[in-house]
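Read the structure below first, then the notes.
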Number of protein chains: 2
Amino acid sequence: MPSPNPALSRKEREFIAREELILKHARRLLLEKGFQAWNMEQLAEAVEYSKGTLYQHFSSKEDLVLGVATQSLRQRADLFEKATTFQGKTRERCRAIGFACCEFAMAHPDYFHTDMMLKSSSFIEKASAERQQAHAFEGMRCWRAINTIIIEAMALGDLPKDRVTAEQATFALVSVTVGSHIMGQEPNLKVFAGIKDQMQAVRLNQDLICDGLGWKPLLHEHDYRATDLRILKEIFPSASKWLKAA
Amino acid sequence: MPSPNPALSRKEREFIAREELILKHARRLLLEKGFQAWNMEQLAEAVEYSKGTLYQHFSSKEDLVLGVATQSLRQRADLFEKATTFQGKTRERCRAIGFACCEFAMAHPDYFHTDMMLKSSSFIEKASAERQQAHAFEGMRCWRAINTIIIEAMALGDLPKDRVTAEQATFALVSVTVGSHIMGQEPNLKVFAGIKDQMQAVRLNQDLICDGLGWKPLLHEHDYRATDLRILKEIFPSASKWLKAA
DNA sequence: AAATAATTTGACCAATGGTCAAATTATGGC
DNA sequence: GCCATAATTTGACCATTGGTCAAATTATTT
């Protein structure tokens with residue numbers, strides 16, 4: 001929750017507050033109904049303003065949805081950067097990002113679906129250039145958080161440099177994470193794969209990539225249970241519900 | 001291309017042929033413009049029938065798109081099953097599926113985007129139950145092709161059973177594959193990850209998962225270049241363009 | 001309190017997914 | 001070949017909805 005900036009005029013603060021109100025309700029509708037099953041009129045009613053006022057904040061419905069997604073992505077980046085501050089071996093810090101990602105996914109169960117929609121060029125092209133840029137920026141923050149740890153791991157010798165480049169390793173981790181979150185929401189697959197705890201499945205897949213990369217210490221070489229407890233306690237105390245699962 | 005079934009009447013054959021024509025043009029529009037930037041009227045013009053006739057084949061625009069996606073997915077499953085017939089070690093056969101997946105992705109560059117749209121419940125619920133079922137069926141065929149090899153690999157001792165279950169391993173491979181294809185289409189990420197050959201990136205990530213699973217022989221224990229050449233020659237001769245890249 | 005500026009509104013428009021009665025075409029009997 | 005009936009195709013029409021903008025309302029200044 002950003003605190004009101006006293007340097008802004010009352011008008012400006014009201015404008016920002018209203019934008020947040022709109023985004024809040026749009027997020028709820030998006031979560032409850034997806035993209036199609038609600039319209040701008042309904043949203044206008046929900047926020048108790050008229051449709052015309054909505055269009056003073058957002059150039060199109062797509063622009064609005066991108067705004068919601070970027071808000072989420074910013075939180076994701078915040079969590080990622082917070083995770084990188086974990087004190088420990090490089091792979092433990094990578095693991096902290098894994099928890100950050102799951103913490104985020106639980107708070108934003110609709111995010112990955114929305115983000116997949118955004119990847120359609122015909123969709124995102126209807127959003128304003130400013131919001132497109134803001135979204136790319138927050139995405140880059142997430143990417144850099146991972147990439148930075150990987151570069152450091154390679155410098156320290158935790159992660160062999162001869163197999164893949166730092167960028168390839170980053171791409172692998174990003175891909176497996178996004179893929180796991182998306183596939184983990186597929187009802188059919190969940191049943192057949194016998195997935196009970198989706199977040200655990202995501203983190204297992206991240207571990208498999210890290211092991212495949214030869215990132216020391218490997219899964220069986222170290223007691224990561226202790227690490228996990230520390231990550232949850234120090235970095236994500238609100239996520240203590242995972243303690244039993246981890 | 002399915003050959004006409006003589007057991008059907010002329011009318012029935014014509015109906016099927018027309019449905020394929022519609023799907024063909026819908027696929028083209030979907031590839032060129034995504035989902036939103038074309039309408040049923042335009043499609044009707046393209047196939048030289050009226051809008052009403054389209055709705056004798058498809059219950060909604062979403063139903064139509066699902067039809068296109070299922071057609072693609074069927075080809076994917078065909079390629080996967082073909083790949084499983086490769087003669088060799090279990091991990092080599094898994095690799096053949098990796099090539100099958102890339103062969104498919106090159107032939108259907110829009111597939112993963114479309115499929116992500118389908119995952120939105122508000123979208124797929126507008127399609128007919130029959131087509132929903134058909135899509136799930138083809139998806140299951142892909143899943144089973146991978147799962148079968150993994151089960152066999154565990155039975156033969158190529159793949160350790162003590163780390164993960166066969167279903168977890170399958171889920172990991174599916175996730176990394178889908179995630180890599182999707183992320184590999186992200187323009188920003190492609191630049192920053194320095195990805196030149198997207199398909200190579202997908203297969204590298206699959207290799208990392210397999211290595212992480214401890215699937216013997218590991219990447220550095222075996223000359224997979226020779227395997228790759230055989231896969232391309234024996235299973236996907238039309239994909240010889242990859243020879244230099246592989 | 002009046003004049004002016006800024007903001008909000010909702011009637012209105014255009015585009016489009018979907019429907020269905022009418023028109024057209026095909027089929028079958030004689 | 002012709003008529004009657006059935007099957008199919010059509011496009012005018014409808015309802016919904018994203019987006020616009022002149023008029024109404026509210027706030028600010030003089």
Side-chain angles (χ1 to χ4, degrees), chain A residues 8-23 25-26 29-30 32-68 114 117-118 120 122-129 131, chain B residues 8-23 25-26 29-30 32-68 114 117-118 120 122-129 131:
Chain A
L8 300 173
S9 70
R10 176 175 62 80
K11 284 286 172 90
E12 287 169 317
R13 276 180 280 123
E14 281 175 357
F15 188 85
I16 290 170
R18 191 171 60 183
E19 185 148 316
E20 273 166 16
L21 179 73
I22 296 170
L23 286 169
H25 280 89
L29 288 168
L30 217 42
E32 287 171 5
K33 304 174 180 243
F35 178 70
Q36 300 203 42
W38 55 276
N39 58 45
M40 298 299 273
E41 194 63 49
Q42 286 166 32
L43 176 60
E45 271 176 42
V47 297
E48 294 184 281
Y49 284 96
S50 73
K51 208 160 53 156
T53 301
L54 298 184
Y55 282 92
Q56 282 195 332
H57 291 265
F58 303 96
S59 67
S60 66
K61 193 179 180 185
E62 284 81 2
D63 194 42
L64 172 59
V65 171
L66 179 59
V68 174
T114 306
M117 257 184 352
L118 294 179
S120 170
S122 71
F123 190 102
I124 201 158
E125 277 167 8
K126 288 185 185 159
S128 64
R131 262 182 248 274
Chain B
L8 300 173
S9 70
R10 176 175 61 80
K11 284 285 174 87
E12 287 169 316
R13 275 180 281 124
E14 280 176 358
F15 188 86
I16 291 171
R18 190 171 60 186
E19 185 148 318
E20 275 167 14
L21 179 74
I22 296 170
L23 286 169
H25 280 89
L29 288 169
L30 216 44
E32 288 171 4
K33 303 171 181 249
F35 178 69
Q36 300 202 42
W38 56 276
N39 59 43
M40 297 300 272
E41 195 63 49
Q42 285 166 34
L43 176 59
E45 270 176 44
V47 297
E48 293 184 282
Y49 284 96
S50 74
K51 208 160 56 157
T53 302
L54 298 183
Y55 281 92
Q56 281 194 330
H57 290 265
F58 303 96
S59 67
S60 66
K61 193 179 179 184
E62 284 81 1
D63 195 43
L64 172 59
V65 170
L66 179 59
V68 173
T114 306
M117 260 184 350
L118 294 178
S120 170
S122 72
F123 190 103
I124 201 158
E125 276 165 9
K126 287 185 185 159
S128 64
R131 261 182 249 274

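Letters go in sequence order (proteins before strands), and every chain restarts at 1. These figures come from a predicted structure and were not determined experimentally.
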Heavy-atom nearest nucleotide on DNA chain D taken for A:Ser60 and for B:Gln56; more 5' hit belongs to B:Gln56
What is the separation between atom [atom1] on [X] and atom [atom2] on [N], rounded to the nearest whole Å?
X	N	atom1	atom2	value
A:Lys61	C:dA15	NZ	P	19 Å
B:Met40	D:dA12	CE	P	18 Å
A:Glu41	C:dC12	CD	P	14 Å
A:Glu45	C:dG10	CD	P	10 Å
B:Trp38	C:dT16	CH2	C1'	12 Å
B:Leu54	D:dT9	CG	P	11 Å
A:Arg18	C:dA6	CZ	C1'	12 Å
B:His57	C:dG18	NE2	C1'	16 Å

Could you tell me whether the side chain of A:Leu66 reaches within less than 4.5 Å of the side chain of A:Thr114, counting heavy atoms only? no
**OP:** Output yes when a side-chain donor or acceptor of B:Ser122 lies under 3.5 Å from a complementary backbone atom of A:Ala37, and no otherwise.
**Re:** no
Check: Considering only heavy atoms and no angle criterion, is a donor-acceptor pair shorter than 3.5 Å present between the side chain of A:Lys51 and the base of D:dG19?
Finding: yes
All heavy atoms of B:Lys61 vs all of B:Phe35, minimum pair found to be NZ-O, 2.8 Å
Closest heavy-atom pair, B:Ser128 versus B:Ser59, reported as atoms and distance to 0.1 Å, is N-OG, 3.9 Å
Does a side-chain N or O of B:Thr53 approach OP1 or OP2 of D:dT10 to a distance below 4.0 Å, or not? yes
The nucleotide from D:dT10, D:dG19, C:dG18 with an atom nearest the side chain of A:Tyr55 is D:dG19
Quick note, A:Ser50 side chain, CB onward, closest among C:dG18, C:dC12, C:dT8 is C:dT8
